[in-house]
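This structure is a prediction, so every number in the text was calculated from the model and none was measured. Letters A, B, ... mirror the listed sequences (proteins, then strands); counts begin at 1.
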There are 2 protein chains.
Amino acid sequence: MPHHIYNCAEGCPVESTLQIISGKWKSVIIYHLIKEKNCRFNELQKLMPNCSRRMLSLQLKELENDQIIAKTIFPTVPPKTSYQLTSLGKTLTPLILEMEKWGNKYNQLHE
Amino acid sequence: MPHHIYNCAEGCPVESTLQIISGKWKSVIIYHLIKEKNCRFNELQKLMPNCSRRMLSLQLKELENDQIIAKTIFPTVPPKTSYQLTSLGKTLTPLILEMEKWGNKYNQLHE
DNA sequence: CAGAATCCCAGAAGATACTG
DNA sequence: CAGTATCTTCTGGGATTCTG
């Protein structure tokens, strides 16, 4: 790697990535959307029982603002929503799957 | 992927990974140690000007406790230390380099 | 140089209740 | 169902000072 790529004095690329996915639950949300393709709000809640409804809502909104996920609203009664990854969000797949892979190996070591 | 791998009700692999690297500066520290091989305390500080000395110290200690990095102390005057990745820490390389890669692409889109 | 100790506060996050 | 609003609690992290 040429050295001019590795100029981190005012923000390295890792920090850019962190700005997008470092929220406490963001990468977990993205992970589930990779696996499930699309999810409703309460489905995500069940998949992440340690994340409060409030927190889930906040993290979803931030991911939406950053164009990582998109929300489809069906104006039915009762209301239905569906969250999916955007095309930008899908580019995070290799990264998130590396996190899955490393986590699996780590869990094997520690059980 | 077989479904029995994707059982996330009580903690998905992504969450395991997050437990290790989700500290505010941890993945940045690991990133620099990948690039530089080993670093002294003040070198890391210069590479991460937005991280206070206190924070750097805390994050280094946690990474050390989790066996991701190791510290070598040279009992000279003035004291010298050197931080490196452990063998476990080195297994995070693909993940961190994916973060670098994604960050670079993201920065290209947003400039 | 490489940290540790102490003090302090904004903001993160929980609990609970409410709503279109 | 899919959130929002409000209140409260607690902790992450800055600023500063001290030390081997």
Side-chain angles (χ1 to χ4, degrees), chain A residues 10-12 14-15 18-30 32-33 36-66 68-86, chain B residues 10-11 14-15 18-30 32-33 36-86:
Chain A
E10 80 268 357
C12 69
V14 171
E15 290 186 53
L18 286 176
Q19 279 181 9
I20 303 298
I21 64 160
S22 71
K24 198 175 180 185
W25 295 100
K26 288 183 184 175
S27 42
V28 181
I29 292 172
I30 298 169
H32 288 304
L33 290 180
E36 309 277 350
K37 305 304 179 190
N38 56 12
C39 269
R40 302 178 57 177
F41 188 87
N42 277 358
E43 288 176 342
L44 283 170
Q45 264 228 117
K46 281 173 194 160
L47 291 168
M48 303 160 57
N50 295 326
C51 177
S52 71
R53 189 165 44 212
R54 177 187 132 89
M55 265 301 101
L56 181 55
S57 177
L58 288 174
Q59 301 275 292
L60 286 170
K61 200 176 299 177
E62 287 187 29
L63 286 171
E64 213 186 331
N65 288 340
D66 288 334
I68 302 299
I69 67 174
K71 168 164 65 167
T72 310
I73 305 184
F74 302 95
T76 58
V77 177
K80 260 180 77 170
T81 59
S82 177
Y83 290 93
Q84 323 91 43
L85 294 172
T86 63
Chain B
E10 80 267 357
V14 170
E15 289 187 52
L18 286 176
Q19 279 181 9
I20 303 298
I21 65 160
S22 70
K24 196 175 179 185
W25 295 100
K26 288 183 184 176
S27 41
V28 181
I29 292 172
I30 298 168
H32 288 304
L33 290 180
E36 309 278 348
K37 305 303 180 191
N38 55 12
C39 270
R40 301 178 57 178
F41 188 87
N42 276 358
E43 288 175 342
L44 282 170
Q45 264 227 117
K46 281 174 194 160
L47 291 169
M48 302 158 58
N50 295 326
C51 177
S52 71
R53 188 166 46 211
R54 176 187 134 89
M55 265 302 100
L56 181 55
S57 177
L58 289 175
Q59 302 275 291
L60 286 170
K61 198 178 300 175
E62 289 187 28
L63 286 171
E64 212 186 332
N65 288 340
D66 288 334
Q67 317 260 45
I68 302 299
I69 66 174
K71 167 164 66 168
T72 310
I73 305 183
F74 303 95
T76 58
V77 179
K80 260 178 75 168
T81 59
S82 178
Y83 291 92
Q84 324 91 40
L85 292 173
T86 62

| Out of D:dC1, C:dG3, C:dA13, whichever nucleotide has its closest atom nearest the side chain of B:K71 | C:dG3
| said: Whole angstroms only, please: what is the CG-C1' distance between A:N50 and C:dA13? | reply: 14 Å
| Looking for any heavy atom pair under 4.0 Å, which part of the strands does A:R40 touch: base, sugar-phosphate only, or nothing? | sugar-phosphate
| field | Distance in angstrom units between A:Q45 CD and C:dG14 P, rounded | value | 12 Å
| query | Just how large is the angle between the end axes of the helix from C:dC1-D:dG20 to C:dG20-D:dC1, five pairs per end, to 10 degrees? | reply | 60°
| Going from CE on A:M48 to CZ on A:R53, what distance comes out if it is rounded to the nearest 0.5 angstrom? | 14.0 Å
| remark: NZ of A:K24 to CG of A:L58, rounded to nearest 0.5 Å, is 12.5 Å
| remark: Rounded to whole Å, CG of A:L56 lies from C1' of C:dA12 at a distance of 16 Å
| remark: When rounded to the nearest 0.5 Å, the distance separating CD of B:E43 from OG of B:S82 is 8.0 Å
| note | Whole-Å distance, A:K61 NZ to D:dG3 P, equals 9 Å
| message | Tell me whether the side-chain N/O atoms of A:S57 come closer than 4.0 Å to OP1 or OP2 in D:dT4. | response | yes
| message | Counting the atoms with a prime plus P, OP1 and OP2 as sugar-phosphate, which does A:F74 contact under 4.0 Å by heavy atoms, base, sugar-phosphate, or nothing? | response | nothing
| said: Using 0.5 Å steps for rounding, measure from the CD1 atom of B:I29 to the CG atom of B:L44. | reply: 6.5 Å
| field | Protein-nucleotide distance (A:M55, atom CE; D:dT11, atom P), rounded to Å | value | 15 Å
| task | Please determine, for the side chain of B:P79, which listed nucleotide (D:dG14, C:dG14, C:dA2) has the closest atom? | result | C:dA2
| query | Want to settle it: does B:S52 or A:Y83 sit nearer the 5' end of DNA chain D, counting the closest nucleotide to each? | reply | A:Y83
| field | Sequence-distant partners of B:T76, side chain to side chain donor-acceptor pair (under 3.5 Å), two or more places apart | value | none
| message | Need to verify one output field. Residue with the more 5' nearest nucleotide on DNA chain C, B:N42 or A:R53? | response | B:N42
| query | Choosing from D:dG3, C:dG3, D:dG14, which nucleotide comes nearest the side chain of B:T81? | reply | C:dG3
| said: Can you tell me how far apart CD1 (B:I20) and NZ (B:K26) are? Round to the nearest 0.5 Å. | reply: 7.0 Å
| query | Which atom pair, heavy atoms only, marks the closest approach of A:I30 to A:I21? | reply | CD1-CG2, 4.0 Å
| said: Just the rounded figure in Å: distance from P of C:dA2 to CG of B:N38. | reply: 12 Å
| task | Report the distance from atom CD of B:E64 to atom C1' of C:dG3, rounded to the nearest whole Å. | result | 12 Å
| Taking the side chain of A:R54 as its heavy atoms from C-beta onward, which of D:dG3, C:dG14, C:dG3 lies nearest to it? | C:dG14
| For the pair made of CH2 in A:W25 and C1' in C:dA12, what is the distance, rounded to whole Å? | 14 Å
